Structure formats: structure tokens, C-alpha cells
Amino acid sequence: MKPLAYWIPRPLFSVFLTVLWLLMLNSVAPGHILLGLALGIAIPFMTRDFWPEQARVSRPLPLLKYFLVLLLDILWSNLIVASRILGPGSRLSPGFFTFPLELDDDFAITILASTISLTPGTVSTHYNAEKRTLLIHALHLEDEAAAIAGIKQRYERPLREIFR
């Protein structure tokens, strides 16, 4: 007998698809719920060979701390970018810099690149898998070494701890 994980390879995604189905139909009739569950189970089951391996979170508590730090950084960065743009005179010094990666998990690298892009004033523009670097554009870049050190301390090190 095959384990439940074989038949329902992505349980959270199955729940999401079921809820999405019910929201699209705007109904919670029993027949719609059953059809939503059937689709929610069948779609991940039929596509399981196309999905990459699931990332393994080894430490969930630091993940919560990571999200809180990210939320605060997004709020703070919004204020800084707004003051630089709306303040008197143009105080912007845009630039690109290369960020050397210590992460080796593809999912963690994706989270890092997304985090950088979510934070106002920075965008990750290119991932070089061979050199293991991210090319990042900053709206205001005064000190490249300080920018790299800040990203490493605030984002990359916690991600290494979460996904090790």
C-alpha cells in the first residue's frame, strides 16, 4: 500500500485549489465541494513528476523571525525611498553590484532574490549559477561592501539557518 503522500503529494496546494474552486463558483454546495476536492487532489497528483523537490525547512522559528525582519525592512525602505525621491534635490546614486552567494539550495536562493526585489530600492536582476552570484540594482548605492554585508547579515545567513 502506498503512503498518503503518494496520493496527495502537495496537501496545502490541494487545499488551495479546492478553496479557489469554491471561490470561483461562489458556492459551497456539497457537489461543488466534492468536485473541488477531486480537482484539488487530482491536479497535484497528475503533475507531481513536473514539480521540483520540496524544500525542507529545518528550523521554522527562524522563518517567522525572517518574515518579521522582512516586513520591517519593507516598511523602513519605503520611508527611505520616499524621502530620497520626494525630498529636496535628487539624492539618488543608482548602481549595480554583484552579490556572492553562500546559499546552495535553489529554493533558498529564490527566496533571497525575491526578498531583495520586495524591499523597495533594490531589485535582483540576474542569477549566475556558474559564478554563484546575484546581480542587484540599488536605487541608491553609496557603499557596495556595506550593501553586500547588510544583505548577508539580514537575509542570507538566516536563510542558511532555515534551509540547512
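This is a predicted model, so every value here is computed, not measured.
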May I ask you to decide if [Y]'s main-chain N or O and [X]'s side chain share a donor-acceptor pair within less than 3.5 Å?
{"X": "His140", "Y": "Ser93", "result": "yes"}
{"X": "Thr18", "Y": "Gly36", "result": "yes"}
{"X": "Ser77", "Y": "Ile74", "result": "no"}
{"X": "Lys152", "Y": "Pro100", "result": "yes"}

Assigning hydrophobic clusters by single linkage (Ile, Leu, Val, Met, Phe, Trp, Tyr; side-chain heavy-atom cutoff under 4.5 Å), is [X] placed with [Y]?
{"X": "Ile116", "Y": "Phe67", "result": "yes"}
{"X": "Leu20", "Y": "Ile33", "result": "yes"}
{"X": "Val123", "Y": "Leu101", "result": "no"}
{"X": "Leu37", "Y": "Leu35", "result": "yes"}
{"X": "Leu86", "Y": "Leu92", "result": "yes"}

Is the shortest side-chain heavy-atom distance between Pro30 and Leu34 below 4.5 Å?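 No, side chains not in contact.
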Tyr66 and Thr115 side chains, donor-acceptor separation under 3.5 Å: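 There is such a pair (donor and acceptor under 3.5 Å, judged by atom type) between the side chains of Thr115 and Tyr66.
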Taking atom types as modelled, find out whether Ser117 and Ser124 have a side-chain donor-acceptor pair closer than 3.5 angstrom.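 Result is yes, a qualifying pair exists.
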Can you see which heavy atom on [X] is nearest to which on [Y], and at what distance?
{"X": "Ser83", "Y": "Ile80", "value": "OG-O, 2.8 Å"}
{"X": "Pro44", "Y": "Leu39", "value": "CD-O, 4.0 Å"}
{"X": "Gly40", "Y": "Leu17", "value": "CA-CB, 3.9 Å"}
{"X": "Pro120", "Y": "Asn78", "value": "CG-OD1, 3.4 Å"}

Residues Met24, Asn26; criterion side chain to side chain contact (heavy atoms under 4.5 Å, CB included); working and verdict: CA-CA 6 Å; Met24 287 187 340; Asn26 198 24; over 6 Å; no
Is the number of heavy atoms from other residues, nucleotides or ligands under 6.0 Å of [X] [atom1] greater than 12?
{"X": "Leu79", "atom1": "CG", "result": "yes"}
{"X": "Phe96", "atom1": "CZ", "result": "yes"}
{"X": "Leu68", "atom1": "CG", "result": "yes"}
{"X": "Asp143", "atom1": "CG", "result": "yes"}

Got a second to check how far [X]'s [atom1] is from [Y]'s [atom2], nearest 0.5 Å?
{"X": "Ile162", "Y": "Leu64", "atom1": "CD1", "atom2": "CG", "answer": "9.5 Å"}
{"X": "Leu134", "Y": "Thr122", "atom1": "CG", "atom2": "OG1", "answer": "11.0 Å"}
{"X": "Ile151", "Y": "Glu156", "atom1": "CD1", "atom2": "CD", "answer": "9.0 Å"}
{"X": "Leu159", "Y": "Ile109", "atom1": "CG", "atom2": "CD1", "answer": "10.0 Å"}
{"X": "Ile136", "Y": "Thr119", "atom1": "CD1", "atom2": "OG1", "answer": "10.0 Å"}
{"X": "Tyr155", "Y": "Leu118", "atom1": "OH", "atom2": "CG", "answer": "9.5 Å"}

Check the pair Glu144 / Ile148 against side chain to side chain contact (heavy atoms under 4.5 Å, CB included), numbers first and verdict last. CA-CA 6 Å; Glu144 183 177 326; Ile148 291 171; 4.1 Å; yes
Examine Arg48 relative to Phe50 and say whether NZ or CZ is less than 6.0 Å from the centre of the six-membered ring and inside a 45° cone about the ring axis.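 Here Arg48 fails the 6.0 Å and 45° test against Phe50.
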Which is it for Arg84 and Leu139 under the side chain to side chain contact (heavy atoms under 4.5 Å, CB included) test, yes or no, and what are the steps along the way? CA-CA 10 Å; Arg84 286 208 169 109; Leu139 189 60; over 6 Å; no
Derivation and outcome, side-chain hydrogen bond (donor to acceptor under 3.5 Å, both in side chains), residues His137 and Thr125: CA-CA 7 Å; His137 179 269; Thr125 60; over 6 Å; no
